[in-house]
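Each residue takes its place number in the sequence, starting with 1. Counting starts at 1 for both ligands and their atoms, in listed order.
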Amino acid sequence: MPRYLEGWIKQVVENALRRAYVSRSREKPVLQVVPRIMELKKKGFNPVIAEYKRRSPSGFNEERDHITYAKQMELGSAVAISVITEDTVFNGSYKYLEDISRAVRVPVLMKDFVVTENQVDAAYDLGADFVLLIVRILTERELSGLIDYIRSFGMEALVEVHDREDLDIALRAGATLVGVNSRDLFSLKVEKESATKLLEEIPAGRVKVAESGIESIEEIKLLKERGADAFLIGSALMRNPDKIKEFVEG
Ligand SMILES: O=P(O)(O)OC[C@@H](O)[C@@H](O)c1c[nH]c2ccccc12
């Protein structure tokens with residue numbers, strides 16, 4: 001059973017536990033995001049994971065065609081596309097994941113509050129290449145079990161942490177792709193300084209993804225100096241998709 005939670009997070013986890021899904025057969029092989037991140041870095045570009053995000057509890061709200069957006073991100077050399085599939089609070093859907101996976105040839109991340117293997121089955125069937133796991137909502141046993149289950153499909157887990165305790169749990173559970181969310185999911189506050197400090201505490205040999213609150217190339221440069229390998233950006237790109245080129249090449 002996931003950790004006891006309150007408020008909107010309790011609602012999305014309860015929704016996840018009972019979320020219906022009709023399985024279908026996957027249409028394309030799994031793409032590996034980690035080598036692509038390292039490749040892009042070597043070429044001197046900023047590996048940006050561009051997120052398709054319509055709404056969030058922090059007040060974000062943006063309508064935009066998902067396929068047009070995903071193709072524009074791919075054209076702008078985004079290393080991957082993140083798709084929020086949570087449908088009660090974030091206005092996401094499995095259909096966005098399926099459509100975007102069909103429309104692009106870069107890796108696709110299923111961004112949801114994953115607490116069951118059913119959700120990982122859905123991620124695989126719908127064409128995801130990597131899957132978000134949030135340390136804060138899972139017990140340690142659930143986290144390592146889901147990491148193994150995700151990898152059994154050839155996909156990778158992006159394990160999201162917010163503080164040192166989360167990071168220790170993620171490392172014990174075998175995370176190799178670690179996302180540092182500067183936004184505290186409970187308070188919704190963005191804490192950039194503690195997030196950049198935490199980036200520096202992730203041991204070598206892991207791939208580090210800075211997530212949330214990234215609005216400018218200056219912030220990307222600072223995060224890069226503090227050890228980030230990749231940058232997960234949603235709101236800034238949903239508001240102005242043209243920024244992708246500057247973020248990647250800046
Ligand atoms: O819109 P931003 O500030 O660029 O943040 C994107 C992404 O990090 C954020 O949407 C996010 C990070 N972790 C999550 C978990 C679930 C849903 C959404 C998220």
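- A donor-acceptor pair under 3.5 Å links the side-chain atoms of Asn46 to the main chain of Phe247, judged by distance alone.
- In this structure a side-chain-to-backbone donor-acceptor pair under 3.5 Å is missing from Tyr52 to Thr85.
- Side-chain contact between Phe130 and Val33: present, with at least one pair of heavy atoms (C-beta onward) separated by less than 4.5 Å.
- Enclosure of atom NZ in Lys197 is not indicated, since only 12 or fewer non-hydrogen atoms of other residues, nucleotides or ligands lie within 6.0 angstrom.
- Within 4.0 Å of ligand 1, the residues that place a heavy atom are Glu51, Lys53, Ile84, Phe90, Lys111, Phe113, Leu132, Ile134, Glu160, Asn181, Arg183, Glu211, Ser212, Gly213, Leu232, Ile233, Gly234, Ser235, listed by chain and number.
- Under a 3.5 Å cut-off, the side chain of Glu86 and the backbone N or O of Thr88 do form a donor-acceptor pair.
- Of the candidates Lys192, Lys53, Arg183, Lys111, Lys111 is the only one forming a salt bridge (charged side-chain N to carboxylate O under 4.0 Å, His left out) with Glu211.
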